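Just below is one structure, and these are the notes that go with it.
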Amino acid sequence: MRELFYLDNGATTWPKPDSVHRAMSEFYRDYGVNPGRSGYDRAIEAEETVQKCRKRLMNFFNGGNDPDRLVFAYNATDALNQVIQGVLGTSGGHAISTNLEHNSVIRPLYHMDKRSDIDVTWIPFVGGGFIDPDDIRRAIRSDTKLVIMNHGSNVIGTCQPIGEVGRICREMGVFFAVDVSQTAGVVPIDMQEMCIDAVCFTGHKSLFGPTGIGGICVAKDAVIDSTRWGGTGVRSILKYHLDEYPYRLEAGTLNTMGIAGLLAGQEFIESRGGPEGIHEYEMKLMSRLWNGIKDIDRVIIYCFDSLENHIPVLSMNVEGFEAVNTGTLLDVDYDIATRTGLHCAPLVHEQMGTAEIKGTVRFSLGPFNTEEHIDAAIEGIREIVKMSLGWTKSLKM
Ligand SMILES: Cc1ncc(COP(=O)(O)O)c(C=O)c1O
């Protein structure tokens with residue numbers, strides 16, 4: 001197989017560290033029994049891995065002292081659905097979100113509007129892709145139940161002033177939930193300092209776990225009602241699902257292999273200097289890419305005026321080409337994997353005017369990228385621009 005220059009880490013990080021593969025395989029071989037359901041040694045060992053991971057992630061997000069408030073879900077979408085439905089309930093009210101959101105926030109909110117008469121205010125971004133915390137403050141009403149937004153945009157890579165928004169929400173008594181899908185593992189997240197009530201994460205991006213595992217870190221006094229019910233392995237005689245965490249938000253058998261992978265992912269992050277070390281490495285590469293393409297004629301880069309307050313995600317287009325054409329040329333001619341289109345975040349494109357031209361080409365970097373990958377991407381873009389010039393000339397003739 002030819003070497004693939006994988007610049008699509010925003011979709012999922014790839015490859016995963018060898019230590020993650022090893023940990024999952026060894027765990028499943030040796031302890032792949034049902035945790036928390038039985039009292040034999042292997043079930044206890046399996047449960048210990050689950051508890052160790054809860055504790056580790058609780059510390060990672062500085063979510064408090066109770067590891068049971070770290071609940072597992074399938075992915076960020078599942079976690080966000082639980083928070084949105086569990087906080088908003090069924091009796092109307094108001095929610096605030098932003099134009100930067102992924103469909104995993106947008107669609108649940110639209111459905112809540114349709115089903116439970118929840119009024120939603122969408123805050124546009126300003127100044128190159130950032131939310132102004134004062135816009136959130138101004139949007140809060142007496143019936144606002146939830147402010148929910150992402151920490152890092154999966155389209156333009158801007159990183160939001162979460163702490164400032166959190167302090168406004170805390171002051172005004174509104175539940176504050178953050179989608180950290182693109183930042184967990186790349187940017188430090190401190191729930192207590194940032195006044196966050198619930199962090200929703202996915203395991204398969206910069207936390208380096210496999211797909212199918214994610215979760216919610218719920219702050220000490222935050223209340224999320226359960227929206228799914230079933231087996232918990234304990235107190236089976238009770239008619240109703242348990243109120244206490246983690247059971248409150250977990251039903252059925254957990255993805256233990258995914259949890260073992262997430263735990264190994266935590267160790268990998270630590271071995272690379274934590275989120276700060278990973279961010280520094282990836283942003284150095286992003287700087288090389290940005291500097292390599294920003295002055296090329298006909299290259300349009302969106303909301304990327306500086307590297308500050310950014311994660312290593314960059315959206316661009318080549319004038320005259322739809323994103324999908326540029327992406328296909330990068331793939332077929334240069335073995336460079338990017339993502340093209342709307343990236344499941346339609347409101348960003350509506351605001352930027354890129355929805356009509358079918359989105360952008362997104363480069364998103366990971367810890368296994370090298371300067372060689374970046375230089376190949378720069379060269380590829382240069383050649384595509386040359387080709388686009390030829391096409392335009394022949395169309396004019
Ligand atoms: C900002 C953001 N939120 C949510 C998600 C959804 O993650 P998952 O597909 O793992 O549920 C993504 C995935 O790309 C994302 O980038």
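Side-chain atoms are counted along with the backbone in the values below, which use heavy atoms only and exclude waters and symmetry mates. Counting convention: from 1, in listed order, for ligands and their atoms alike. Note that the structure is a prediction, hence the values are computed from the model and not measured.
For the side-chain contact (heavy atoms from CB on, under 4.5 Å) test with Asp68, the passing option among Glu250, Lys55, Arg248, Gln51 is Gln51; the others fail. A side-chain contact (heavy atoms from CB on, under 4.5 Å) with Gln182 is found for one member of Val155, Ile311, Asn9 and no other, namely Ile311.
Residue Asp78 has no N or O atom closer than 3.5 Å to an N or O atom of ligand 1.
Heavy atoms of Glu101 come nearer than 4.0 angstrom to ligand 1 in no pair at all. Distances shorter than 4.0 angstrom occur between a heavy atom of Ser104 and an atom of ligand 1.
For ligand 1 and Thr202, the ligand atoms under 4.0 Å from any heavy atom of the residue are 8 (P), 10 (O).
The proximity of Asp179 to ligand 1, defined as any non-hydrogen pair under 4.0 Å, is limited to the side chain. Residue contacts with ligand 1 for His343 are absent, since no atom lies close enough (heavy atoms, distance under 4.0 Å). With a 4.0 Å cut-off on non-hydrogen atoms, Ala76 touches ligand 1 through its backbone as well as its side chain.
When side chains are defined from C-beta on, Gln85 counts as touching Met112, because their heavy atoms get closer than 4.5 Å. Side-chain contact check for Leu57 versus Gln266: some heavy-atom pair is nearer than 4.5 Å.
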* Asked: Tyr247 and His241: ring-ring contact (aromatic ring centres under 6.0 Å, His included), yes or no, with the steps?
  -> CA-CA 8 Å; Tyr247 309 111; His241 199 85; 7.7 Å; no
* To do: Give the C-alpha distance, both sets of side-chain angles, the deciding distance and a yes or no for side-chain hydrogen bond (donor to acceptor under 3.5 Å, both in side chains) between Thr340 and Arg362.
  => CA-CA 6 Å; Thr340 64; Arg362 180 184 73 181; over 6 Å; no
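Annotation: atom 8 (P) of ligand 1 to nearest protein heavy atom, Thr77 OG1, 3.7 Å. For atom 16 (O) of ligand 1, the nearest non-hydrogen atom of the protein is Gln182 NE2, 2.8 Å. At the top of the distance list for atom 13 (C) of ligand 1, counting protein heavy atoms only, stands Lys205 NZ, 2.8 Å.
Closest heavy-atom approach to atom 15 (C) of ligand 1 within the set His102, His204, Met149, His151: this belongs to His102.
Environment of CZ in Arg107: sparse, with no more than 12 heavy atoms of neighbouring residues, nucleotides or ligands closer than 6.0 Å.
With 3.5 Å as the limit, one finds no donor-acceptor pair spanning the side chains of Thr211 and His204.
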